[in-house]
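See below for the structure under consideration.
Labels below follow one simple rule: chain letters A, B, ... track the order of the sequence lines, proteins then strands, and each chain is numbered from 1.
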Amino acid sequence: MNCNQVDNLIVDYLYGELDPDGTRELEAHLDECAACAERVGEYRWVLQNSAGRPDPAPSAMTVNRILAVAREEAEKPRSFWRFSWVKILAPICVLGIVGGIILFQYQSGLLSRQALVPQADIAAERAPVASAPEPAPAPPQPAVAETPPRPVFRGAGPTVMPESGPDEATIAETGPAMEAKSRDLPAESAPAMDSGEQPRERANLVPDASPGGTVASRIAPQRTTRDLTLGDDKAESPTELVCKALDDTEETRAVPADPELTAWLAARMTEGRVAMDSGEYEKAGQVFQAVLHRLPEGHEDRPTALLWLARVYEKLGYKEKALQTYRLLALECPDRKDLAEKKVEELAKE
Amino acid sequence: MSVTVTRLTELADEELMTRYVQDDEAAFEVLLSRYRRPLFGFLYRYLGRTDKAEDVFQETFFEVIRARKRYRPEAKFAAWIFRIARNRAVDRLRRNGFREMESLDQEINPHQPDGDTKLDRVADDDPSPESNAQARELEEALDEALGELPPEQREVFWLKEKAGLTLAEIAELTEVSQNTVKSRLRYALEKLRTDLLNRGFRP
């Protein structure tokens with residue numbers, strides 16, 4: 001092997017991809033050629049000092065965000081259908097319902113036929129024309145007509161979408177009055193109130209369990225919005241915020257992963273960070289507020305957004321707001337509790 | 001629980017990804033922890049900026065999550081994820097039309113709540129046998145030389161180091177011939193070697 005051939009094979013050799021025969025030949029050449037041996041030694045030195053160094057790591061915020069999305073996506077399909085007992089029970093229930101309807105119709109038919117017999121007899125005896133069969137199909141009709149609460153939900157649908165405006169409505173209507181309304185009304189009635197519709201009866205909303213749960217969880221972020229408006233230092237007391245957080249945690253944790261939300265969230269968080277970097281704290285505050293308004297308690301990204309918002313308040317000199325936000329962070333995220341309490345202590349001393 | 005975790009960490013990437021496809025989020029966590037540093041290391045060195053590397057790192061894993069149902073275990077996971085990362089990094093570079101190289105001891109972000117610097121992050125797992133000043137100077141010189149490599153050479157250099165892929169796999173990933181990959185690596189190594197020697201460093 002000569003020096004040129006070594007040149008051609010040097011990369012394979014250095015990265016351990018040269019076959020055994022080639023390796024033997026190349027090393028034999030290195031034993032004889034000091035120039036090539038020196039160069040190969042220098043390449044190894046470069047590799048050890050560059051590639052051998054430890055890698056930087058992404059921030060904990062980025063890693064947590066990825067884990068949160070992965071978790072939500074993994075949990076999405078198992079929320080209902082994944083459980084085997086649901087797979088068994090669901091067809092049984094469907095069969096039961098269908099069977100019930102058939103039986104009901106059959107029995108109704110029997111009854112009406114039984115009822116028809118004397119009528120027919122009487123008709124045969126007295127009446128001129130057969131108007132009697134008319135009532136027969138009537139009984140099943142009311143059963144179908146009794147079930148339309150679903151359209152009520154569809155009607156409430158648009159107000160559920162987070163970007164359709166109710167955010168402003170709920171922001172404008174903050175404080176104890178709004179809070180009392182939110183607590184007193186069933187979850188599903190909140191959007192109706194926001195959109196100016198009359199509150200619906202609970203009886204109409206409760207029975208539709210499967211889509212109702214989804215709707216309830218989707219509207220939760222709006223229902224739990226809190227007053228963290230920039231420039232207004234008279235927000236709700238931390239106790240009120242704590243109460244709200246405790247009230248809604250269980251329900252809102254059931255929010256399913258939503259790719260649209262994930263994309264929106266990633267964009268907003270980047271926007272907020274960029275605004276912070278460029279010193280546009282008011283803008284950053286608005287962005288993180290929007291994120292918090294949309295994310296329910298228990299969402300994995302809330303702690304990060306709270307932390308950023310607290311930093312915004314600090315930068316803007318809103319000490320009380322910053323304190324409240326750190327306290328809320330301590331409550332919502334035990335992992336960040338130490339950090340939050342430390343910041344509260346520091347701020348209290350200032 | 002600990003038994004499960006131990007078993008997961010012993011599994012191959014492809015098996016972990018297969019489990020995540022079946023909604024085992026713990027398997028995904030192991031994958032993320034396994035690729036956290038090498039993938040971010042590649043992106044940081046390729047893109048030259050922490051903020052861009054963070055964005056592309058996040059986008060890459062979001063894509064892995066979104067496309068998990070399309071993953072086939074026959075495909076090497078490292079090649080798959082590095083291909084996603086590399087393509088997104090290339091897009092990012094094209095969009096920006098330029099690159100900036102930062103120094104590792106520069107503050108990552110003065111406003112960032114985590115508040116650490118790149119060196120803090122790097123130092124986390126570093127047993128640091130080279131703590132003396134000369135080693136530090138060598139590292140800085142090498143960083144500078146690496147930053148001056150043409151993008152194509154830098155790309156294959158760090159893919160080879162961080163992804164643990166073969167030359168053939170890198171050729172497939174970057175859509176060039178294997179000879180081109182070898183040639184780029186040889187030029188990269190030669191340039192780094194010459195730069196360091198010219199600056200007075202010796203093995």
(request) For A/Asp55 and B/Arg36, run salt bridge (charged side-chain N to carboxylate O under 4.0 Å, His left out): C-alpha distance rounded to whole Å, both residues' side-chain angles, the deciding distance at 0.1 Å, then the answer. (result) CA-CA 9 Å; A/Asp55 287 319; B/Arg36 194 171 60 110; over 6 Å; no
Drop me the distance from [X]'s [atom1] to [Y]'s [atom2], to the nearest 0.5 angstrom.
X: B/Gln58; Y: A/Met61; atom1: CD; atom2: CE; value: 8.0 Å
X: B/Asp55; Y: A/Met269; atom1: CG; atom2: CE; value: 12.0 Å
X: A/Arg65; Y: B/Phe62; atom1: CZ; atom2: CZ; value: 6.5 Å
X: A/Ile10; Y: B/Lys182; atom1: CD1; atom2: NZ; value: 12.0 Å
X: A/Glu42; Y: B/Glu190; atom1: CD; atom2: CD; value: 9.0 Å

Between [X] and chain A, with a heavy-atom cut-off of 4.5 Å, which part of the residue counts as in contact: side chain, backbone, both or neither?
X: B/Leu189; result: both
X: B/Leu142; result: side chain
X: B/Glu59; result: neither

(message) Applying a heavy-atom distance below 4.5 Å, give me the residues of residues 195-203 of chain B that approach chain A, sorted by number.
(response)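 Within residues 195-203 of chain B, the residues under 4.5 Å from chain A are B/Leu196, B/Leu197, B/Phe201, B/Arg202, B/Pro203.
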(request) Take atom OH of B/Tyr71 as the centre, draw a 6.0 Å sphere, and report whether it contains more than 12 heavy atoms from other residues, nucleotides or ligands. (result)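 Counting other residues, nucleotides and ligands, OH of B/Tyr71 exceeds 12 neighbours.
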(request) Taking the side chain as every heavy atom from C-beta outward, state whether B/Leu146 and A/Ser50 have any pair of such atoms under 4.5 Å apart. (result)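 A side-chain contact exists here, since the closest heavy-atom pair is under 4.5 Å.
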(request) Check the pair B/Phe57, A/Ile66 against side-chain contact (heavy atoms from CB on, under 4.5 Å), reporting the backbone distance first and the verdict last. (result) CA-CA 9 Å; B/Phe57 181 83; A/Ile66 292 166; 3.6 Å; yes
(message) Main chain of A/Ala70, side chain of B/Tyr20: is a donor-acceptor contact present, judged purely on distance under 3.5 Å?
(response)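 At least one qualifying donor-acceptor pair exists.
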(request) Check for a donor-acceptor pair, side chain of B/Glu54 on one end and backbone N or O of A/Thr62 on the other, with a separation under 3.5 Å. (result)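 Absent.
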(request) Against chain B, label A/Arg39 side chain, backbone, both or neither, depending on which of its atoms sit under 4.5 Å from a heavy atom there. (result)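 Interface part for A/Arg39: both.
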(request) Select one option (side chain, backbone, both, neither) describing which atoms of A/Val274 are under 4.5 Å from chain B's heavy atoms. (result)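 Contact with chain B is absent: no heavy atom of A/Val274 under 4.5 Å.
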(request) Give the C-alpha distance, both sets of side-chain angles, the deciding distance and a yes or no for side-chain contact (heavy atoms from CB on, under 4.5 Å) between A/Glu73 and B/Arg66. (result) CA-CA 8 Å; A/Glu73 287 288 320; B/Arg66 267 196 301 271; over 6 Å; no
(message) So which residue, B/Thr166, B/Val181, B/Leu192, ends up with the most heavy-atom pairs under 4.5 Å with chain A?
(response)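 Among B/Thr166, B/Val181, B/Leu192, the one with the most close pairs to chain A is B/Thr166.
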(message) For the interface with chain A, which of B/Val21, B/Leu32, B/Leu167 has the highest count of heavy-atom pairs at distances below 4.5 Å?
(response)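 Of B/Val21, B/Leu32, B/Leu167, B/Leu167 has the most heavy-atom pairs under 4.5 Å with chain A.
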(request) Find the one option among A/Asp12, A/Leu14, A/Thr270 whose heavy-atom pairs under 4.5 Å with chain B are most numerous. (result)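 Most heavy-atom pairs under 4.5 Å with chain B: A/Asp12.
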(message) side-chain contact (heavy atoms from CB on, under 4.5 Å), that's the test. Do B/Phe40 and A/Val63 meet it? Break it down for me.
(response) CA-CA 11 Å; B/Phe40 188 79; A/Val63 170; over 6 Å; no
(request) Just do the side-chain contact (heavy atoms from CB on, under 4.5 Å) check on A/Leu67 and B/Glu25 with the steps written out, would you? (result) CA-CA 8 Å; A/Leu67 282 175; B/Glu25 63 191 64; over 6 Å; no
